[in-house]
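Down below is the structure, laid out as structure tokens.
Residue indices begin at 1 and follow the sequence shown. Bear in mind the structure is a predicted one, so any value in this text is a computation, not a measurement.
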Amino acid sequence: MMRQAGRFMKEYWDIKNKYSFLEMCKTPEIAADVTMLPVDLLGIDAAILFSDILVTAEAMGGDLSFEQGVGPRFSNPIRSVKDAEALSVDCLDKLQYVADAIKVIQQRLDNRIPLIGFAGAPFTILSYLVEGGSSKDFKLTKLMLNNQPELAHTILQKIADVTVEYLNMQIAAGVNAIQLFDSWALALSWNDYRDFSHYYNKQIISKLNRKDIPVISFCKGSSVFAPMMVEAQPDVVSIDWNADLKNMKQSLPQGIAVQGNLDPFVLYAEKPVIRKKIIELFERMRGENGFIFNLGHGIMPDIPFDNVKYAIEVVKEFRY
């Protein structure tokens, strides 16, 4: 499940209260501890590397911090050509801690279940770097796309180049699958998604050492952009909760799997409702090949842990 190791778990907070978020990401043993929490407590079918999409932006030169109740912040936002020129692309050594964490996690998993690695897609990373953090309207980012498209493309290309190296490093370190997250693609129009997001995602996927490594592509807005997303030739398209999953699956080329797409807010509901919604989704997908159950986006921090565990039990009990 998206964000399956995190703030809805008491055990996560037991670790988080001792370290900063970046300390957790950058200390391989701690990152492994957090990665293993849902494996041990929820019995999920795959582990997801504990990290953050913004580690690439930090390695490139972003001054990143995480503030309680605010989220990620960059104290040196990228707003000019000079700022863009200062972004480093020769920075893979600064991300070595991720490869180290993958090796520790794989030792602990001992081939029980696969480990999924991931990275943030260039447009989403660009938005954080330009806005200086999270944004509700992406005003500064869109101003750059409209008024300074060449500058935006310069930054996006740098991020794409780093992301290719970073994901290939994860593959070399031992992950079993890769996810590319474009969390804020829904902010874009169709043409802007094509030019400022899809173009770079396609480039990244084409350069991955993906032999026997499935590639999952997710964007918030996949219910709109999926027909374009498949042109990048991922193995799986992760669908948000706004679409009918069967219709989406049948509209995509044969051989492309879908992942999704339960509305995560369902996990706030009473257990009979959770069961009903999950079984409805499975019945809708009955007979379809290439379907991975997941949420349509991430788990919220105040969703009851017991509800998440119950949802996973319902999924695992279902028989086609």
(request) Could you tell me whether the side chain of Asn294 and the main chain of Gln259 form a donor-acceptor pair under 3.5 Å? (result) no
(message) For Arg210, give me all partners under salt bridge (charged side-chain N to carboxylate O under 4.0 Å, His left out), at least two apart in sequence or on another chain.
(response) Asp235
(request) State whether a side-chain donor-acceptor pair under 3.5 Å links Gln179 with Ser238. (result) no
(message) Would the distance check show the side chain of Glu58 and the main-chain N or O of Val55 forming a donor-acceptor pair, the cut-off being under 3.5 Å?
(response) no
(request) For atom CG of Asn191, decide whether the heavy atoms of other residues, nucleotides or ligands shown that lie under 6.0 angstrom number more than 12. (result) yes
(request) Mind checking the CE-CG spacing from Met1 to Leu295? Nearest 0.5 Å is all I need. (result) 4.5 Å
(message) Tell me every residue that passes side chain to side chain contact (heavy atoms under 4.5 Å, CB included) with Pro227, counting only those two or more places apart in sequence or in another chain.
(response) none
(message) Would you say that Phe293 contacts Ile278 through its side chain, given a criterion of any heavy-atom pair below 4.5 Å between the two side chains?
(response) yes
(request) Identify, with sequence neighbours excluded, every residue that meets side chain to side chain donor-acceptor pair (under 3.5 Å) alongside Lys246. (result) none
(request) Determine the minimum heavy-atom distance between Leu115 and Ile48, stating which atoms define it. (result) CD1-C, 4.1 Å
(message) Assess the residue pair Trp241 and Val266 against the criterion (side chain to side chain contact (heavy atoms under 4.5 Å, CB included)); give the C-alpha distance rounded to whole Å, side-chain angles, the decisive distance to 0.1 Å, and a yes or no.
(response) CA-CA 11 Å; Trp241 69 84; Val266 168; over 6 Å; no
(request) Check for a donor-acceptor pair, side chain of Ser222 on one end and backbone N or O of Phe225 on the other, with a separation under 3.5 Å. (result) no
(request) Could you tell me whether Lys316 and Glu313 have a side-chain N and a carboxylate O separated by less than 4.0 Å? (result) no
(request) May I have all residue pairs that pass salt bridge (Lys or Arg N to Asp or Glu O under 4.0 Å) and include part of residues 8-18, sequence neighbours excluded? (result) Lys10-Asp14
(request) Determine whether Leu129 and Ile159 make a side-chain contact, defined as any pair of heavy atoms from C-beta on separated by less than 4.5 Å. (result) yes
(request) For Leu49 and Ala101, work out which heavy atoms get closest and say how close. (result) CD1-CB, 4.5 Å
(message) Could you check whether any side-chain heavy atom of Phe8 comes within less than 4.5 Å of a side-chain heavy atom of Pro304, counting everything from C-beta outward?
(response) no
(request) Taking the side chain as every heavy atom from C-beta outward, state whether Ser197 and Cys219 have any pair of such atoms under 4.5 Å apart. (result) no
(message) The criterion is side chain to side chain contact (heavy atoms under 4.5 Å, CB included); which residues satisfy it with Ser251, sequence neighbours excluded?
(response) none
(request) Compute whether any side-chain donor of one residue and acceptor of the other, for His153 and Tyr199, lie under 3.5 angstrom apart. (result) no
(request) Check whether any side-chain heavy atom of Ser127 sits under 4.5 Å from a side-chain heavy atom of Val130, and report yes or no. (result) no
(message) So does Gly120 get a backbone contact from the side chain of Thr124, meaning a donor-acceptor N/O pair under 3.5 Å?
(response) no
(request) Check Ala57 against Ile125 and note the closest heavy-atom contact, atom names and distance. (result) CB-CG2, 3.7 Å
N/O donor-acceptor pairs under 3.5 Å from side chains in residues 267-274, not counting sequence neighbours:
unit_1 : atom_1 : unit_2 : atom_2 : d
Tyr268 : OH     : Asp302 : OD1    : 2.3
Lys271 : NZ     : Asp306 : OD2    : 2.7

Please tabulate, one pair per line, all N/O donor-acceptor pairs under 3.5 Å involving side-chain atoms of residues 32-39, not counting sequence neighbours.
unit_1 : atom_1 : unit_2 : atom_2 : d
Asp33  : OD1    : Arg108 : NH1    : 2.5
Asp33  : OD1    : Arg108 : NH2    : 3.2
Thr35  : OG1    : Ala31  : O      : 2.7
Thr35  : OG1    : Phe50  : N      : 2.9

Contacts table for residues 166-174: side-chain donor-acceptor under 3.5 angstrom, sequence neighbours left out:
unit_1 : atom_1 : unit_2 : atom_2 : d
Tyr166 : OH     : Gln170 : NE2    : 3.4
Asn168 : OD1    : Asn209 : N      : 2.8
Asn168 : OD1    : Asn209 : ND2    : 3.4
Asn168 : ND2    : Val164 : O      : 3.4
Asn168 : ND2    : Lys207 : O      : 3.2
Gln170 : OE1    : Phe118 : N      : 3.1
Gln170 : NE2    : Phe118 : O      : 2.9

(message) Can you tell me how far apart CG (Asp52) and SG (Cys25) are? Round to the nearest 0.5 Å.
(response) 5.5 Å
(message) If you apply the rule side chain to side chain contact (heavy atoms under 4.5 Å, CB included), what do you find for Thr27 with Tyr19, and how did you get there?
(response) CA-CA 10 Å; Thr27 310; Tyr19 308 97; 6.0 Å; no
(request) Would you mind reporting whether Val224 and Tyr193 have side-chain heavy atoms less than 4.5 Å apart? (result) no
(request) Kindly give the heavy-atom pair with the smallest separation between Pro264 and Ile303, and that separation in Å. (result) O-CD1, 3.5 Å
(request) Would you mind reporting whether Gln148 and Leu143 have side-chain heavy atoms less than 4.5 Å apart? (result) no
(message) So which atom in Ala187 and which in Phe138 form the shortest heavy-atom distance, rounded to 0.1 Å?
(response) CB-CD1, 3.6 Å
(request) Using the rule that two of Ile, Leu, Val, Met, Phe, Trp, Tyr join whenever any of their side-chain heavy atoms come within less than 4.5 Å, decide whether Tyr97 and Val104 are in one cluster. (result) no
(request) Find out whether Leu188 and Leu145 are in side-chain contact, i.e. whether some heavy atom of one side chain is under 4.5 Å from a heavy atom of the other. (result) yes
(request) For atom CD of Gln233, decide whether the heavy atoms of other residues, nucleotides or ligands shown that lie under 6.0 angstrom number more than 12. (result) no
(request) Would you please name every residue forming a side chain to side chain contact (heavy atoms under 4.5 Å, CB included) with Arg275, sequence neighbours left out? (result) Ile279, Tyr310, Val314, Glu317
(message) Under a 3.5 Å threshold, yes or no: a donor from one side chain and an acceptor from the other, between Asn176 and Gln106?
(response) yes
(message) When you measure from the side chain of Ser88 to the backbone of Met60, do you find a donor-acceptor pair of N or O atoms at a distance under 3.5 Å?
(response) no
(request) Any chance you could pull the hydrophobic cluster mates of Val236, using side-chain heavy atoms under 4.5 angstrom and chaining through other members? (result) Ile216, Ile292
(message) Donor-acceptor check, side chain of Glu131 to backbone of Thr141, threshold 3.5 angstrom: yes or no?
(response) yes
(request) Taking Asp244 for its side chain and Arg284 for its backbone only, find out whether a donor-acceptor pair lies under 3.5 Å. (result) no
(message) I'd like to check the side chain to side chain contact (heavy atoms under 4.5 Å, CB included) partners of Glu280; sequence neighbours left out, ordered by chain and number.
(response) Lys276, Lys277
(message) Looking at Glu288, is its backbone amide N or carbonyl O close enough to the side chain of Gln250 to form a donor-acceptor pair, meaning the two atoms are under 3.5 Å apart?
(response) no
(message) Run Ile44 and Ile113 through side chain to side chain contact (heavy atoms under 4.5 Å, CB included) and show every step you take.
(response) CA-CA 9 Å; Ile44 36 77; Ile113 55 174; 4.1 Å; yes
(request) Can you see which heavy atom on Leu281 is nearest to which on Phe291, and at what distance? (result) CG-CZ, 4.2 Å
(request) Keeping the roles fixed (side chain from Asn261, backbone from Ile239), state whether a donor-acceptor pair exists under 3.5 Å. (result) no
(message) Check whether Lys220 reaches the backbone of His297 with its side chain - one donor and one acceptor, N or O, closer than 3.5 Å.
(response) no
(request) For Asp161 and Gln203, run side chain to side chain contact (heavy atoms under 4.5 Å, CB included): C-alpha distance rounded to whole Å, both residues' side-chain angles, the deciding distance at 0.1 Å, then the answer. (result) CA-CA 9 Å; Asp161 291 344; Gln203 190 183 121; 4.1 Å; yes
(request) Provide the full list of salt bridge (Lys or Arg N to Asp or Glu O under 4.0 Å) pairs with a residue in residues 70-97, sequence neighbours left out, each pair given once. (result) none
(request) Group every Ile, Leu, Val, Met, Phe, Trp and Tyr by side-chain heavy-atom contacts under 4.5 Å, then state whether Leu186 and Trp190 land in the same group. (result) no
